[in-house]
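Heads up, the thing below is written out as structure tokens.
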Amino acid sequence: MKISEVDKAFESFVNEKKLDVFLPNDLKAAVEAWLDFYEQKRVDAVHSVNGAWPDALLFEWGYQEALEGYYEACFYLNLTRQFISGCGDDDEMTQLIWQLEYNVDSVADDLGYQTSWCESVAGLSQFRPQVLASKVLEALVDLTPRKVRFSLTEI
């Protein structure tokens with residue numbers, strides 16, 4: 001699969017599991033689908049640059065301060081798949097970002113901020129249980145996000 005097609009491929013993958021990217025009706029199942037997609041769907045033309053991971057996952061959550069005129073304060077859960085598709089000085093990074101945003105007052109204060117990377121499919125066997133047993137999934141499982149951002153972005 002081409003990097004430029006990964007967003008549509010993920011939407012189809014999730015729809016086959018009767019889930020919705022933009023309003024996940026089962027957060028844990030949606031996160032499992034994200035991990036399954038990473039494991040099962042490979043992309044073409046990714047390259048390691050200076051030891052960087054060419055196709056990696058980020059699992060992150062925390063509080064985001066408001067930026068007037070752009071977005072409100074929120075508690076977010078972010079799943080990102082990052083690709084490096086160039087070599088040397090021409091390296092290009094693209095990210096498939098799936099971020100669920102929640103009202104700040106609806107989430108426990110003690111969740112804090114955390115970020116974890118999975119550098120390869122081989123690392124998924126350790127990363128998956130860490131993600132699925134995370135305190136953030138437990139805290140958010142019955143809440144409805146106020147906003148969901150889903151985009152494929154070049155950085």
Side-chain angles (χ1 to χ4, degrees), residues 1-64 67 70-71 74-102 111-141 143-155:
M1 146 179 69
K2 294 179 182 176
I3 292 173
S4 61
E5 302 167 343
V6 75
D7 54 342
K8 299 298 180 208
F10 180 65
E11 283 186 75
S12 295
F13 188 83
V14 169
N15 288 339
E16 289 173 10
K17 296 179 179 293
K18 307 276 191 262
L19 297 167
D20 184 346
V21 170
F22 296 100
L23 188 59
N25 54 348
D26 183 338
L27 180 60
K28 198 162 194 172
V31 171
E32 286 184 52
W34 179 265
L35 297 168
D36 290 346
F37 181 74
Y38 179 67
E39 181 176 41
Q40 298 170 25
K41 303 295 183 181
R42 308 313 318 141
V43 295
D44 303 323
V46 293
H47 305 280
S48 180
V49 177
N50 297 326
W53 312 317
D55 183 355
L57 288 183
L58 170 67
F59 178 63
E60 177 180 56
W61 73 78
Y63 172 75
Q64 176 176 285
L67 182 57
Y70 293 96
Y71 48 80
C74 70
F75 183 86
Y76 68 91
L77 172 64
N78 179 290
L79 300 154
T80 296
R81 186 166 175 184
Q82 181 172 282
F83 309 97
I84 298 175
S85 61
C87 295
D89 294 334
D90 296 330
D91 64 321
E92 296 177 15
M93 294 177 76
T94 305
Q95 293 182 331
L96 179 62
I97 299 169
W98 190 23
Q99 181 165 300
L100 294 84
E101 299 177 0
Y102 298 84
L111 287 174
Y113 169 82
Q114 183 170 331
T115 182
S116 300
W117 283 95
C118 179
E119 62 187 63
S120 67
V121 174
L124 197 56
S125 62
Q126 291 180 333
F127 188 73
R128 180 186 298 271
Q130 175 188 1
V131 169
L132 295 176
S134 66
K135 63 184 179 180
V136 71
L137 284 189
E138 187 175 312
L140 300 177
V141 72
L143 300 177
T144 301
R146 73 167 188 221
K147 186 173 192 174
V148 176
R149 299 175 188 263
F150 180 70
S151 64
L152 184 63
T153 307
E154 290 184 11
I155 55 173

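One is the number of the first residue; the rest follow in order along the sequence.
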Evaluate side chain to side chain contact (heavy atoms under 4.5 Å, CB included) for Asp55 paired with Val43, printing each intermediate quantity in order.
CA-CA 8 Å; Asp55 183 355; Val43 295; 3.7 Å; yes

In a table with atom names and distances, give each donor-acceptor pair under 3.5 Å that connects a side chain of residues 146-155 to protein atoms at least two apart or in another chain.
unit_1: Arg146; atom_1: NH1; unit_2: Ala73; atom_2: O; d: 3.2
unit_1: Arg146; atom_1: NH1; unit_2: Asn103; atom_2: OD1; d: 3.2
unit_1: Arg146; atom_1: NH2; unit_2: Ala73; atom_2: O; d: 2.6
unit_1: Arg149; atom_1: NE; unit_2: Glu101; atom_2: OE2; d: 2.5
unit_1: Ser151; atom_1: OG; unit_2: Thr153; atom_2: OG1; d: 3.2

Tell me the closest heavy-atom pair linking [X] and [Y], and the distance in Å.
| X | Y | result |
| --- | --- | --- |
| Val121 | Tyr38 | N-OH, 3.5 Å |
| Trp98 | Ala30 | CH2-CB, 3.4 Å |
| Trp61 | Gly112 | CD1-O, 3.4 Å |
| Ala122 | Ser125 | O-OG, 3.7 Å |
| Ala33 | Val14 | CB-CG2, 4.3 Å |
| Phe75 | Leu111 | CZ-CD1, 3.6 Å |

So [Y] and [X], do their side chains get closer than 4.5 Å, heavy atoms only?
| X | Y | answer |
| --- | --- | --- |
| Pro24 | Trp34 | no |
| Val31 | Leu132 | yes |
| Leu57 | Val131 | no |
| Val6 | Phe83 | yes |
| Gln114 | Phe59 | no |
| Ile3 | Leu96 | no |
| Tyr76 | Tyr113 | yes |
| Arg81 | Phe10 | no |

Pair listing, salt bridge (charged side-chain N to carboxylate O under 4.0 Å, His left out) test, anchored in residues 114-141, at least two apart
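As it turns out, the salt bridge (charged side-chain N to carboxylate O under 4.0 Å, His left out) pairs with a partner in residues 114-141, which skip direct neighbours, are Asp36-Arg128, Glu39-Arg128.
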
What pairs meet the side-chain hydrogen bond (donor to acceptor under 3.5 Å, both in side chains) rule with one or both residues in residues 4-31, with sequence neighbours excluded?
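Checked against side-chain hydrogen bond (donor to acceptor under 3.5 Å, both in side chains) - neighbours excluded - no pair reaches residues 4-31.
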
Nearest-0.5 Å distance that lies between atom OG1 in Thr115 and atom CG in Asn78
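It is 8.5 Å, given to the nearest 0.5 Å.
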
Kindly indicate, with the supporting measurements, whether the criterion side chain to side chain contact (heavy atoms under 4.5 Å, CB included) is fulfilled by Leu137 and Leu77.
CA-CA 9 Å; Leu137 284 189; Leu77 172 64; 4.0 Å; yes

Side chain to side chain contact (heavy atoms under 4.5 Å, CB included) assessment of Thr80 paired with Glu60
CA-CA 8 Å; Thr80 296; Glu60 177 180 56; over 6 Å; no

Within a reach of under 6.0 Å around CD of Gln40, are more than 12 heavy atoms found that belong to other residues, nucleotides or ligands?
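More than 12 heavy atoms, drawn from other residues, nucleotides or ligands, come within 6.0 Å of this atom.
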
